[in-house]
Amino acid sequence: MKEMKDDLLKVLLSEEEIKERVAQLGARISADYAGRELLMISVLKGSVAFMADLMRAITIPVSIDFMAVSSYGKGVKTSGVVKIIKDLDQPLEGKDLLIVEDILDSGKTLGYLIDTLGQRGPSSVRIATLLDKPDRREVNIRPDYSGFVVPDEFVVGYGLDYAEKYRNLPFVGVLKPEIYTVAE
Ligand code: IMP
Ligand code: MG
């Protein structure tokens, strides 16, 4: 039987490490936003696992919403073109937004989201990302809350995919390069 872990070079972040870090971020966010109207915006689909765990690590009341933007498709490199596929269900005036992402890579996706959502009159816009790959940055963005800095390797699991697979791994691993070089 073929298992997902057979396609991995190694485990980069274990379930335990992720859990501990998410708890720390949740505590910080709870303190930073005390008394404010926090709206957590999950960028589908990569951030679902992080969103689900992070929101439960936050102890103040929050609202949540979901947004989908175009991504890499099947490949591993960004096209740089970002398109809204599913928009938010509510107005943003006066709200404190926390955009929740799986990984900050070139920064194009988050750069676009900050601009677009910023034009809708929120009180503030911040970013929480599980992973940060600073080596690959093309747009000058720094996350306000970051789980882990990762090297320039293609990673999957805990929401992150390659060709829509591996999202259900409970940890983050490095994909064997032959998996995506053969396919492309
Ligand atoms: P950016 O616009 O280049 O910052 O791309 C961000 C998006 O690309 C993320 O939300 C991911 O969906 C995807 N991405 C970037 N690097 C990886 C990776 O190593 N594994 C899986 N997805 C990735
Ligand atoms: Mg994503």
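When reading the values below, keep in mind they use all heavy atoms of this one structure, side chains included, and skip hydrogens, waters and symmetry mates. Note that ligands are numbered from 1 as they come in the structure, with each ligand's atoms numbered from 1 the same way.
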Q: Say whether D161 and ligand 1 are in contact under the criterion: heavy-atom distance to a ligand atom below 4.0 Å.
A: yes
(Q) I'd like to check which ligand 1 atoms, numbered from 1 as shown, lie under 4.0 Å from a non-hydrogen atom of T109. (A) 1 (P), 2 (O), 5 (O), 6 (C)
(Q) Heavy-atom pairs closer than 4.0 Å: do any link ligand 1 to the side chain of L160, the backbone, both, or neither? (A) side chain
Q | Ligand-residue contact atoms, ligand 1 with V155, heavy atoms, under 4.0 Å | A | 18 (C), 19 (O), 20 (N), 21 (C)
Q) Measuring from the heavy atoms of V156, does anything fall under 4.0 Å of ligand 1? A) no
Q: Under 4.0 Å from a heavy atom of S106: give me the atoms of ligand 1 that qualify, with their elements.
A: 1 (P), 2 (O), 3 (O), 4 (O)
**Q.** Donor-acceptor under 3.5 Å (R137 side chain, D105 main chain)
**A.** yes
Q: Give a yes or no on whether the backbone of V100 and the side-chain of S47 come within a donor-acceptor separation of less than 3.5 Å.
A: yes
**Q.** Any side-chain donor near an acceptor of the partner, D96 and Y33, under 3.5 Å
**A.** no
Q.
Tell me whether G107 has any N or O atom under 3.5 angstrom from an N or O of ligand 1.
A. yes
Can I get a per-line list of side-chain donor-acceptor pairs under 3.5 Å for residues 112-119, giving both atom names and the distance, sequence neighbours left out?
{"unit_1": "T116", "atom_1": "OG1", "unit_2": "Y112", "atom_2": "O", "d": "2.8"}

**Q.** R136 to ligand 1, any heavy atom closer than 4.0 Å
**A.** no
(Q) Taking a cutoff of less than 4.0 Å between a non-hydrogen atom of the residue and any ligand atom, is E153 in contact with ligand 1? (A) yes
(Q) Per the salt bridge (charged side-chain N to carboxylate O under 4.0 Å, His left out) rule, what does the pair list look like for residues 16-29, sequence neighbours excluded? (A) none
Q: Apply side-chain contact (heavy atoms from CB on, under 4.5 Å) to the pair Y158 and V48, showing each step before the final yes or no.
A: CA-CA 8 Å; Y158 197 72; V48 285; over 6 Å; no
Q. Atom CG of D144 and atom CD1 of I127: how far apart are they, to the nearest 0.5 Å?
A. 6.0 Å
Q: Go through ligand 1 atom by atom and flag the ones less than 4.0 Å from a non-hydrogen atom of E101.
A: 10 (O)
